[in-house]
Every structure is written in structure tokens, then in C-alpha cells.
Amino acid sequence: MSVDYSYEPKGLDLYSIEEKWLKRWDESGIFETEIDSNKPKYFVTVAYPYPNSPQHVGHGRTYTLTDVHARYKTMRGFNVLFPMGFHYTGTPIVSMSERVLAKDSELIETFRNIYNLSDDLISSFVTPEGIASFFHKEIKLGMKEMGYSIDWRREFTTIDEGYSRFISWHFRLLREKGLIVQGSHPVGWCPKDHNPVSQHDTIGDVEPDFIEYVLIRYNLEDGCILPTATLRPETIFGVTNLWINPNLEYVEIKIDDERWIVTPIAASKLMFLDHKVEIVRKLRGIELVGKFAKDNFRNVRIPIFPATFVDPENGTGIVMSVPGHAPFDYQALEDLKSKRDTLHEYKMDNIVSPIKIIISNMYQSESNITPAELIVKEFRISDQNDRNLETATSKLYSEEFYRGTLLPNTGNFAGLTVKDARSKVKDVLKSKGLVDTMYELINKPIKCRCGSPCVVKLLTDQWFINYQDSFWKKLAHECIDSMSIIPEEIRPEFNYVIDWLKQRACARKIGLGTKLPWDKDWIVESLSDSVIYMAYYIISKYLTNTVRRSSPEYINSSQLTDEFFSYVILGKGELQEITKSTNISVSILAKIRRDFLYFYPVDSRHSGRDLVPNHLSFFVFNHVAIFERNMWPKQIVVNGSVLMQGKKMSKSLGNIIPLRAAIKSYGADPLRLAMLSSSELLQDADFSFDLVKGVKAKLLTIYSEIIDYVSSTKSTIITTITDDLKKMDFEDRWLLSKLQGDISEVTKSLDQLRVREALQIILYSMEKDLQWYRKRKLARGNDTLKGLVLGEYYSVRVLLLAPFAPFISEEIWERMKGKGSVSSASWPQVNPEKIDAEIEGYEELIDTITTDIQKIIKVTKIRPNRIMIYTASKQKWNLYKKILDKMNQQSTGNFGQLMKELVRDDEINDYAKSNTELVKKMMGDILSDSSESRLKKIQMRSFDEERALNDAVNMIIQEIGQGDIRLEIISESNEQKFDPKKKSKFSRPYKPAIYLE
Ligand SMILES: [Zn+2]
């Protein structure tokens with residue numbers, strides 16, 4: 001798919017409007033934020049981008065949402081700081097430059113064809129600096145063109161010297177607090193790059209996740225070790241035999257100072273786990289079948305049997321068989337018993353049949369059938385290659401783990417739960433030297449960005465951040481508990497991640513970034529140097545760099561010592577001494593500290609959903625480790641990603657749309673709206689250019705409506721009505737009342753960043769109300785479309801739209817002669833005096849009746865010349881109000897109970913008793929109302945249907961559109977009424993009866 005450049009909007013040149021306002025914003029410095037003691041501050045940040053490729057439409061959602069948030073808060077009266085930096089750290093930029101250097105055709109084609117970059121430019125990408133500086137500029141321009149309200153004076157990159165000094169300070173602090181440890185730990189690893197890999201380094205952004213196997217040693221008679229991989233060492237009491245796949249190739253290896261037999265894949269995995277491995281000889285699995293191995297733990301001999309379910313990709317290729325508790329083992333044994341030929345072939349007739357299945361734990365009351373057999377029967381398993389065995393296995397494993405207890409045949413372990421016994425058995429095996437450890441990737445295959453499959457490596461002398469520390473976890477939980485998480489439904493994910501996080505490698509040997517301050521062979525990796533940088537935005541403004549020349553206000557990065565950061569960020573140390581040691585003046589130091597105290601903590605942190613398990617959680621962890629409690633972050637906002645017409649955006653699908661190209665042909669405002677209007681926060685947004693076109697058309701309608709109004713009116717355009725409301729027409733009062741509801745709903749939605757909901761109101765439901773208003777006004781015959789009511793309505797609508805579509809809103813605001821910039825105008829307030837439930841009810845009734853009449857005409861095909869509308873009698877209204885009250889108090893829909901209550905009520909009991917059908921109908925009416933409209937009806941003191949309908953006679957007739965019609969509205973209790981078909985008795989409150997002829 002490509003951008004449709006031919007699409008030209010009529011009547012409005014969005015491009016020049018955007019240029020005009022970008023220039024104005026830039027000149028006025030409207031988004032440059034300084035301390036303002038008259039306003040509460042609001043510090044909003046979003047994950048900074050990696051400049052290793054241009055921004056595409058998919059990147060735009062998170063940033064646009066953050067900008068809408070920032071703009072909304074500004075209009076709500078906050079002094080908002082929204083800064084931006086650029087993340088150069090790590091391998092992505094380096095590996096991309098290596099790919100260009102290696103003339104990687106896929107990458108070069110992408111640059112050429114999707115991003116339209118010239119060959120000259122691409123040839124400058126052979127260095128990391130060439131790539132980073134170009135895309136940094138591109139991304140920044142794109143962000144400006146999108147209208148983001150960023151304070152660009154605070155921009156930095158993560159390889160700036162000042163930033164490196166900040167990260168050094170951060171890491172020294174973590175180490176002082178004992179949160180950085182050195183040791184041997186398994187990590188995801190790229191064998192080609194010789195570097196650990198995490199989410200940002202893998203194709204498809206997958207975080208390598210692995211499990212730990214216990215390798216239990218069995219010995220062949222010649223001393224060679226057969227290691228079996230298990231996750232359930234406590235089942236060792238039930239082992240009856242070993243399994244080997246007769247068709248596979250195995251190797252005998254010399255590992256450290258022992259001899260083992262494993263699969264070749266397992267041998268290579270063991271090499272990465274800090275073992276010295278040499279291959280001695282190759283052998284077929286079949287060679288081992290029928291031999292015996294020694295179980296060193298129980299001191300018994302067990303036979304080796306053949307099984308085809310044994311998977312060379314998993315574990316060692318040798319499996320300990322626990323037929324009592326493992327469905328695979330049970331089934332393989334059954335298969336073997338039933339194959340007389342095989343038994344004969346391997347000469348095992350006399351070995352297999354006496355095998356006695358052992359039950360070593362129990363999770364339900366005893367039965368004479370083993371747990372594995374039970375579940376194999378339940379799942380109707382046919383043989384050991386049955387796919388359902390996986391499901392059966394995970395079901396049984398989980399039952400036993402949570403509910404099982406070890407039986408007396410396990411000796412000292414009897415009575416322990418499976419959960420407890422698992423680690424205790426492992427410890428005992430370990431103390432006897434009977435086990436080793438092996439790691440296996442769970443979510444394989446995972447590929448490094450360089451293309452190599454990742455493995456698990458046991459890294460020795462590696463530096464780790466110890467997210468496993470239980471006190472630290474406790475603080476992180478406290479922070480999450482105290483935070484607002486938007487949307488709330490994602491909170492449990494954070495709690496899960498905090499519990500689950502373990503030690504995490506925090507440094508790499510290659511890539512861009514800051515050296516570990518105490519071990520210069522290592523570079524702090526990208527998910528570790530990006531967790532407290534929000535504090536650096538306060539400082540970066542004061543640093544001289546290529547943009548800012550030196551001046552007395554500015555300091556040099558070489559002046560940023562640990563003492564400087566500790567003073568500014570933590571308030572530690574003496575001002576005078578720090579001035580001496582840093583050569584920064586007292587006034588500037590104090591000023592930076594004041595800035596920090598004013599802007600910190602972070603009020604809202606935005607990011608994509610994929611960063612919950614890493615970045616966002618690390619952000620919380622590191623803040624609670626470094627900062628005082630009052631500086632902990634206040635809020636996290638998470639959003640889903642962007643799909644292109646239902647599909648994931650990817651280079652291979654060719655559906656990546658460069659952001660700047662899209663802005664050029666569709667305009668920034670339509671793009672902003674399209675990114676936010678198609679889905680709720682956590683859902684993936686479905687983007688398409690049809691959507692952009694639709695939104696753009698809507699924006700143009702709003703624009704031209706208001707501009708028409710502006711050019712036709714002589715009165716003050718932006719206004720707030722203060723006249724006597726009672727003197728106005730119904731529809732004027734109605735429109736103002738509806739407007740209050742819209743303000744309140746949009747405000748509520750934006751407080752929770754339910755942007756789709758807000759946009760539905762601003763773009764669609766407000767438009768619908770305007771159409772109704774126009775219809776009513778025109779039917780009245782007087783040309784009041786220029787009135788003040790519209791002035792108020794339009795000005796509020798533009799204000800509500802401004803955070804979403806800032807360019808067009810500024811333009812309209814200016815044309816309306818609004819004061820100042822709409823970006824800093826005040827958010828509209830609800831005026832309770834203008835809320836009028838009765839009038840809203842009137843207009844709703846008029847609308848319903850008009851539609852009902854149209855329906856009747858359509859069904860009966862009558863061309864009416866006389867229409868009668870009968871309103872309900874006073875008696876019916878009394879009954880209705882009683883029912884409404886009683887149903888509201890009881891909040892019940894039980895007819896019998898309601899009747900009992902009505903009969904007890906002297907005012908109404910006779911009437912109710914003789915009209916039970918009517919009571920039933922009214923009850924149905926009330927039940928089918930929304931709770932909102934029911935509430936309105938309860939609050940209303942009076943509701944004069946005749947008055948409402950009489951006000952709209954002309955419009956109803958016009959809507960029916962059939963010329964000469966006589967329309968009468970009359971109460972059913974009026975004796976003089978024309979009612980040839982006795983229709984009037986069907987009238988009910990809010991449901992007048994209709995007759996036409
Ligand atoms: Zn690699």
C-alpha cells in the first residue's frame with residue numbers, strides 16, 4: 001500500500017494552516033515551560049524514540065495520545081512540561097549501520113522504496129553516527145509537523161556526555177544500595193554477536209524467556225552418564241525406566257572431566273552453559289535400548305526402553321520415565337507392551353511386562369488407577385504421538401503441583417506438598433552431587449536482529465540489576481498501589497511482572513552508551529539507562545550543546561559531578577561546597593534545584609503496551625530505589641499498537657506508511673484523529689486512509705460551518721450567554737443544555753484518556769445536535785442561525801476539539817476572534833444553570849413523535865391530511881410517577897411486588913387495581929429506559945407534553961413533508977377531542993397516541 005498523494009481537500013489548505021501555526025508556536029515559545037508559581041505543574045513524558053529508522057504511522061499513536069494529554073492538561077489550567085529526548089543506546093543503531101555496510105539488500109530496498117531515501121543518503125548510513133543523526137532530525141521534524149507541544153529546549157541524546165555522567169551517577173547509586181550484583185546467570189544470547197539479547201535486540205521484539213531444567217544423572221555400566229532433564233525432580237521416586245529415541249543420533253561427549261551421552265543439540269546448548277565440551281563419538285539411540293542404567297539416588301538398576309516421543313530439541317534427548325505421573329511415559333509404556341514384535345526385536349519380553357508403576361504423590365482420594373492412566377483415558381489418547389498428550393500433561397502437572405502430597409514411599413519427604421517437595425528433593429540431589437542444571441528457551445525460536453537464532457548462555461562475571469530483591473519488590477508494589485494506572489485493567493499485569501522479575505543483565509560488551517563506571521569493559525544497556533531520565537529533562541535545558549552557545553545561564557557537561565546530581569535530584573550536600581567543586585554558581589545551582597522540586601515527580605508516563613514487562617516496570621523499580629517517596633511517579637498510561645487495515649504493520653507486508661509522507665498528503669490533524677478515534681486505549685487501533693479521509697471531511701465540515709457563521713454574524717462571536725434563559729426558544733435552551741452534557745462527558749472521558757469516546761461526542765453527536773437545532777430554527781421561520789447560542793456552542797466545540805486537532809482549532813479560534821492561542825485557552829466549564837432536563841425531554845419527545853408518525857405513514861401508506869396526537873391523562877401521569885418512584889426506591893422489576901405497593905397507596909390504589917395491564921405497560925416503559933433517562937424523569941418536576949409538541953407543529957409537518965396537513969395535540973381527557981378510532985386510550989406518559997387519516 002502507498003500513500004494516495006492525489007487526495008486534495010477542497011476549500012481548505014491544511015498545509016499552509018499547519019505551516020502558519022508551527023511558525024507562530026515556535027516564535028511565541030508557547031510550549032517552553034518554566035516555573036509558574038500561580039499554576040499547578042503537570043509533568044508528562046513518553047518513551048523516547050530510537051533514531052534507527054524513520055517514524056511511521058504506527059509510531060504516531062503513543063506520541064499523539066501523550067500530546068493530547070499534555071494539551072488537555074494545559075487547557076485545564078496546569079503548567080504542563082512535555083519534553084523529548086532520543087535513545088541512541090545499544091545495538092540497534094550499530095547493527096543497522098553494519099547491515100548497510102554489508103549492503104543488506106532488504107534494508108536498503110526498504111530505505112529506498114518505503115522511505116524514498118536517496119542512494120547518497122543511504123551511503124552515509126555506514127556509520128552509527130550517520131544513521132542516528134539523520135533519523136534523529138527526521139523524527140524530530142515529524143513530531144513538530146504532527147503539532148506535538150514539546151519543549152524542545154530540553155532535547156538530548158543518550159550518548160551526550162552530560163547524559164553519560166547522569167547514568168554513571170545512577171549506576172553508582174544502585175551499586176551502593178546493593179542492587180547491582182556480579183555473578184553467573186543465564187541470559188538470552190546471540191552466539192554471533194557474543195552479546196546478551198533482550199526484547200529490543202530480537203526480530204519481532206520478543207523478550208527471551210527460559211526455564212531451568214534439573215539434569216538427573218543415571219550411569220551406564222561403563223560409567224558414562226545419561227543425564228535426564230526434568231522440571232519435576234520430586235517424581236524421581238516413581239521412575240521405572242529411561243526412554244531413548246532409537247531413531248536419533250546421539251553423541252558421547254567429554255564434558256569438563258566426565259563422559260555423558262546426549263543429543264548433538266543438547267551438547268551445543270551445554271557449551272553455552274559454561275561447560276567445556278568435546279565430542280568423543282557418535283552413536284544411534286538404538287545402541288542403548290535394552291541396556292540398564294543405575295539410579296544413584298535409590299541405588300537400583302532400571303532398563304532403557306525405546307520411545308519415539310522423545311524430542312531432540314528439548315532437554316538432553318534422554319528422558320526419565322515416570323508412568324504413574326506422566327501421561328507421555330504411561331502411554332509410551334502401554335505402546336511398548338502392545339508391540340510384541342518390537343519387544344521381541346529388542347529381546348525385552350521379560351523386562352517390560354514386570355514393570356510396576358509407582359505412585360509417589362496423590363492429589364485426590366486414592367483410587368486403583370494411576371493419575372497418568374486416569375488422565376490418558378479422560379483425553380482418549382491413542383498413542384504416544386497423540387497431540388492431546390501435551391494438554392493432558394499440563395493439566396496433570398498443574399493438578400499435582402497445586403494439590404498433590406507425597407506418599408509414604410518417598411521416605412523423609414512423605415506428607416510434603418508437591419510444591420514444597422520439588423525444591424527439597426532438588427537440594428538433596430544436589431548435595432549428593434547427582435544433578436546439574438540446564439536452561440531451555442520457552443518461546444523459541446527467537447532470532448537476534450542479526451539473524452542468528454538465540455540461545456541461553458550462562459554468563460560468568462556479568463553485571464546484573466537485582467530485581468529479585470524482595471524489599472525492592474515490596475517498594476515497587478507500594479508505588480504501583482499508589483499510582484493511577486490507565487487503563488485500570490492493566491494493573492494486575494504490573495503486579496505480576498514485579499513478582500516475576502529476576503536478576504537482569506544490565507551491561508553489554510558492544511553498542512552505544514555509557515560505560516559502567518567501575519568496569520569500563522561494559523556498556524550500560526538500553527533498558528537500564530532509560531528508566532529515570534525524566535529527571536534529566538530538568539537539567540538538560542541548562543547544558544551548552546551544539547544548539548545552545550555558551551552563556552552565563554549555561555553549564556558545561558564536564559561540571560556534572562555525582563555531587564551535582566545528588567544535590568539537584570536528592571537535595572544532598574551543601575550548596576557552597578558543590579559550587580566550589582563544580583564551579584557552577586550558587587544561583588544557577590539553586591535554580592536547577594528549584595526547577596527539580598517544582599517539576600518532579602513525573603505526573604504521567606506514556607508508553608506502548610509492549611513495554612509493560614520491561615521498561616515501565618523498570619521505571620517504577622528504579623524510581624523507588626533512587627527517589628524519596630514524594631518523588632515517585634504518579635501515573636502510567638498504556639496504549640495498544642496500530643494495525644494497518646486489520647494487519648500488523650511490517651516491512652514484508654509493505655504496509656508501512658512513513659509519518660512525514662502521510663502528513664504531507666493528509667494533514668496532521670486528520671492523522672491525529674484517525675490514530676485515536678478508531679479504538680479504546682488497550683485495543684490495537686485499526687488505521688486506514690479511508691478513515692483519515694472520513695475524519696478529514698468531518699473536520700472540514702466543522703471548519704466551514706463555523707467560518708460561515710463567523711462571516712454572517714455581526715455580534716460578538718465568542719460568547720457565553722447570560723440572558724434570561726426562560727425567554728429563549730425551546731431549541732436554544734435545549735442546545736445549551738446538551739452542550740453542558742457534552743462538556744461534562746468529554747471532560748470525564750479525557751480525565752481517563754478515553755479519547756475515542758471524547759471524539760465520538762465532539763465529531764458526531766455534537767454534529768447531530770446541531771442538525772436538529774437547525775431544523776427547529778428553520779421551521780420556526782426566523783433566521784436566528786446567527787444568534788448568540790451558536791456562538792457559544794461553536795466556541796465550546798472548538799475548545800473541546802483543540803487538544804485533538806490543534807492546527808485547525810487554532811485557525812478557527814483566530815477567525816472567531818478568540819483571545820490568544822487556543823492551545824492555552826481555558827477548558828470549558830459546565831454551567832449547571834443551563835442544564836434543563838425538562839427541555840431535553842421536550843425535544844426528545846418531539847423527535848420520537850415525528851419518527852413514529854413517519855413510521856406509521858410508511859407502514860399504512862396513508863397520505864394523511866389530519867393527524868391527532870393524544871397525550872396521557874392526569875390520572876395516568878399520577879400513576880406513572882408513583883410507579884417510577886417505587887421502582888427507583890426498590891430498584892426492582894417485580895410486578896407482583898409493585899402491585900402490592902400500589903394497592904397500599906391510598907392516592908392511587910383504586911385506579912391501579914382496575915388498570916393492571918396499564919401498570920404492566922408502564923413498568924415495561926420504565927425498564928426499557930436507560931438509567932440516565934430514568935434519572936432525568938425522576939428529577940423532572942413537571943413535563944408538559946402538549947406544550948412541547950405544540951411548539952414544534954410546523955417542524956413535524958415539514959418533516960412529514962406531505963403538504964397540507966392539520967395537526968392537533970390534545971389530551972385524552974378532553975371531552976371535545978376528535979377520536980373516531982378511540983386511539984386516545986392507548987396514550988401513556990412520554991408515549992402519546994397517534995391517529996391519522
Ligand atoms: Zn546477533
Side-chain angles (χ1 to χ4, degrees), residues 49-53 87-111 122 125-132 135 158-159 184-210 264-275 277 313 439-464 504-516 521-530 610-611 613-615 650-652:
Y50 273 113
N52 70 338
S53 58
H87 202 188
Y88 282 30
T89 309
T91 49
I93 294 171
V94 178
S95 58
M96 188 160 278
S97 72
E98 279 167 3
R99 283 172 68 190
V100 176
L101 194 62
K103 303 210 185 308
D104 179 325
S105 59
E106 189 199 327
L107 184 67
I108 290 172
E109 288 304 301
T110 302
F111 285 146
I122 298 171
F125 291 171
V126 293
T127 62
E129 294 74 21
I131 288 200
F135 289 122
T158 60
I159 57 167
S184 299
H185 290 277
V187 295
W189 182 263
C190 171
K192 189 177 161 221
D193 296 337
H194 302 285
N195 223 20
V197 283
S198 59
Q199 191 182 21
H200 286 165
D201 311 304
T202 61
I203 294 175
D205 288 328
V206 201
E207 176 77 31
D209 196 3
F210 41 83
I265 301 168
S268 71
K269 283 175 189 163
L270 287 164
M271 286 181 206
F272 287 105
L273 299 177
D274 203 30
H275 290 291
V277 175
E313 295 286 336
Y439 299 93
E440 192 78 71
L441 285 169
I442 305 174
N443 47 353
K444 65 188 171 186
I446 300 174
K447 280 190 171 176
C448 173
R449 283 183 191 267
C450 76
S452 314
C454 298
V455 297
V456 183
K457 181 169 167 72
L458 192 71
L459 265 194
T460 50
D461 304 329
Q462 162 78 345
W463 294 100
F464 292 86
R504 194 171 189 289
C506 63
R508 301 286 159 85
K509 292 273 182 178
I510 58 167
L512 303 174
T514 302
K515 292 197 160 115
L516 260 192
D521 288 344
W522 295 92
I523 295 156
V524 179
E525 61 86 46
S526 61
L527 280 164
S528 302
D529 84 337
S530 54
D610 55 327
L611 299 189
N614 43 61
H615 167 73
S650 78
K651 281 173 206 139
S652 56

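Ligands are counted one by one from 1 in listed order, and the atoms in each one are counted from 1 as well.
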Residue list, side-chain contact (heavy atoms from CB on, under 4.5 Å) with H185, at least two apart or on another chain:
F464, Q503
Can you list the residues that meet the side-chain hydrogen bond (donor to acceptor under 3.5 Å, both in side chains) rule with D529, with sequence neighbours excluded?
H87, T89
So which pairs with a foot in residues 440-454 pass side chain to side chain donor-acceptor pair (under 3.5 Å), sequence neighbours left out?
D205-R449, K269-E440, E440-K444
Suppose the cut-off is 2.8 Å; how many protein N/O/S atoms fall inside it around the Zn ion (ligand 1)?
4
What are the two closest non-hydrogen atoms of P196 and D201, and how far apart are they?
O-OD2, 3.9 Å
L516 vs V524 side-chain heavy atoms within contact, under 4.5 Å:
yes
Within 45° of the ring axis of W522 and under 6.0 Å from its six-membered ring centre, is that where the NZ or CZ of K509 lies?
yes
